[in-house]
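I have placed the structure first, in the form of structure tokens, so that the comments after it can refer back to it.
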2 protein chains.
Amino acid sequence: MPRRRQAVTIKHVAADAGVSLQTVSRVINAEPNVREEMRGRVQASIDRLGYSPSIAAQRMSGSRSYLILTLNDRDRTIEAWRARQGSDWVDQMLLGGMLKCAEHGYRMLFELVDTHDDHVERELTATLAALQPDGVILTPPHSDNPKITAFLQSRRVPFARIGSKGKAGGIPLVMGDEDAARDATRRLVELGHERIGFIAGSKEYSLSEWRKAGWRSAMADASLPLDGLCVRGDFSYESGLAAARSLLALERRPTAIIASNDQMALATRDVAEEMGIAIPETLSLISFDNTPVTTFANPPLTAIDQPIAETVSRAVELLIAASRGEELPHLPVIVPAKLIERGSTGPAPLAG
Amino acid sequence: MPRRRQAVTIKHVAADAGVSLQTVSRVINAEPNVREEMRGRVQASIDRLGYSPSIAAQRMSGSRSYLILTLNDRDRTIEAWRARQGSDWVDQMLLGGMLKCAEHGYRMLFELVDTHDDHVERELTATLAALQPDGVILTPPHSDNPKITAFLQSRRVPFARIGSKGKAGGIPLVMGDEDAARDATRRLVELGHERIGFIAGSKEYSLSEWRKAGWRSAMADASLPLDGLCVRGDFSYESGLAAARSLLALERRPTAIIASNDQMALATRDVAEEMGIAIPETLSLISFDNTPVTTFANPPLTAIDQPIAETVSRAVELLIAASRGEELPHLPVIVPAKLIERGSTGPAPLAG
DNA sequence: CTGAAAGCGCTAACAC
DNA sequence: GTGTTAGCGCTTTCAG
């Protein structure tokens, strides 16, 4: 194997422009103390030679690595990929993150970390040592993992926590779950629904509680009863089946149901079909997340979109801003989620 | 900003183990010329101190970067992400690639490159200079882009080409499209079908022709006619509608149709429904790719799975092997695709 | 405002 | 087998 070296280095540029390495470095990093004329001359050489700095070398010399690292839960992510249920969480993260990184000349890395393991710290140490990212983005449930957040804080690596409000350091960002749940519930009330069921998600994710809180508060605002209308699932299709069955077996059956994710909504639809309950004529259905399956379902599901791309994009932006010492906005950052009306919601059936 | 340095470096390990840097380096890289006893001592220090080498430094010193770079088409990928049609191509690439990389202590990077641009070379130069990957994986349609393949060859960067058989250098890997199309056609013949329509994909992708060739050859083997039974689409849902309409308007209507991707198959299903043609009773339908939508469709679609994860996994494996100077298998590498039978295929209807 | 020198963490090449 | 030396490409001091 030949010792592969950089084709064109800062030296070549310096020689070509007739200046010192240092001046070229200053131009690359948009630093002050360079005359405009010099800057122009150096930039011309850079363009002509097609020079691009090696991030390895930049990192080595102790400055930035121009790398933003996204950390996802290993087991869950792999399981989701293997199951091929069509969730595009990772894709949306990449969409939002990579584009924003590119805008600022950064690269986004995507890595999996094992939470089970007792050696989360070891694994993190290794990843950070190897990659030396300028910022880290944590996704649920890592965002609330005290081992991880404490470790990152101790290492003084800037990090963002998606889907977390807690005071665990770093930059927390949430996706307007509570407001969106409230909006969805209100919309159903507008449509004349009075008994609106709610299928909650696993307590392991804090957003489960936020979603539920939104529903509760909108119900309270409308002076509607909550009795027996909330059932807990765990985000799986199976748990959705059980939850839907229990809701639809109620004496005073709900005329609308909000499910805390698409899989449980799909399960609810299937239970309704099995019971001969028509959607949306007899039962309105709203789901959370708005993964691609919502549009392929029959009828297409009205859903609350989870603005993953935008949230990750914001996270990248804030991480870069923070690394430059710029001021941060009020935390947590809230990225609003929108209700997308499709075919699974309609006016409440006439009381019978 | 504090000058962030490695917490524990090779020096610390060397000091701790009482050996030279070089010996530690040899242990890290599993190189020969180290006594077992030494190796053990050094490894113990590594473990105790929680040492992990900096890939930046490793790359700097002229050896490997332990980075494999995957290049996808920028516009198409972003468009697919935005459209949220549920294609999990990227996810499957990551699944196959990241896990295999991890096995060998490599990291996988995912980047987008702009093909439109006349400055593909500039963009590639910059990416390679910045990242210095040990290997590059090209996906369609990049795999057949002569600008890209020629550039990579001139730079002597090892690369793999997914979905390409051509002699453009690097390691070509294909996903058994022709064989799979043949198998699918045969299966329909077994089920008694004699008029089997085929909706081809865009010529821009070579796999379109391979799929078509498989169908043709199986039809020929069964001495079945091809007249008017092949229509070309462009992989879009809309093109699928047109193609399906023209096939189903034939005087001697096909009793089975193979669509070159899932979107066109979905379109075919919709046209059939609109015409009152029952699936699978009156029309059998097979699609290519097996993206998640196939399982959510009604009926679930019989499909030919595209083994993306496995193919990318193989690509990583071969790239790493090649970088070690190991011998490569016969090229192109063919990763077989399997037919997955679901609810859209059945026996041919009785001749009427 | 610009340049020279030192060093980041690691490995290639060579000596022992 | 093992250690020593000299860089890799860049940025950080610190002089001028």
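Lettering of chains follows the sequences in order, A, B, ..., and the numbering in each one begins at 1.
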Rounded to whole Å, please give me the gap between [atom1] in [X] and [atom2] in [N].
X: A:Arg64; N: D:dG9; atom1: CZ; atom2: C1'; result: 15 Å
X: B:Ile28; N: C:dT11; atom1: CD1; atom2: P; result: 5 Å
X: A:Ile55; N: D:dC8; atom1: CD1; atom2: C1'; result: 15 Å
X: A:Glu31; N: D:dT12; atom1: CD; atom2: P; result: 6 Å
X: B:Arg59; N: D:dC10; atom1: CZ; atom2: C1'; result: 14 Å
X: B:Leu21; N: C:dT11; atom1: CG; atom2: C1'; result: 10 Å
X: A:Arg26; N: C:dC1; atom1: CZ; atom2: P; result: 11 Å
X: B:Asn33; N: D:dT2; atom1: CG; atom2: C1'; result: 9 Å

Go through [options] for me and flag the one nearest to the [X] side chain.
X: B:Arg35; options: D:dG1, C:dC10, C:dC8; result: D:dG1
X: A:Ser25; options: C:dT2, D:dG9, D:dT11; result: D:dT11
X: B:Ile10; options: D:dC10, C:dC8, C:dC10; result: C:dC10

Think [X] has a side-chain N or O under 4.0 angstrom from the OP1 or OP2 of [N]?
X: A:Thr23; N: C:dC1; value: no
X: B:Gln6; N: C:dG9; value: no
X: B:Tyr66; N: C:dC10; value: no
X: A:Ser20; N: C:dG3; value: yes

Looking at every strand, decide which applies to A:Val24 at a 4.0 Å heavy-atom threshold: base, sugar-phosphate, or nothing.
nothing
Pick base, sugar-phosphate or nothing for A:Pro53, based on heavy-atom distances below 4.0 Å to the nucleic acid.
sugar-phosphate
[X]-[Y] side chain donor-acceptor pair, cut-off 3.5 Å:
X: A:Ser323; Y: A:Asp134; result: no
X: A:Gln92; Y: A:Glu310; result: no
X: A:Thr139; Y: A:Asn72; result: yes

Using the closest heavy atom to pick a nucleotide of DNA chain D for each, name whichever of B:Arg39 or A:Gln22 lands nearer the 5' end.
B:Arg39
Can you give me the closest heavy-atom contact between A:Gly135 and A:Leu319, atom names plus distance?
CA-CG, 4.1 Å
Salt bridge or not between A:Arg39 and A:Glu36? Use side-chain N to carboxylate O under 4.0 Å.
yes
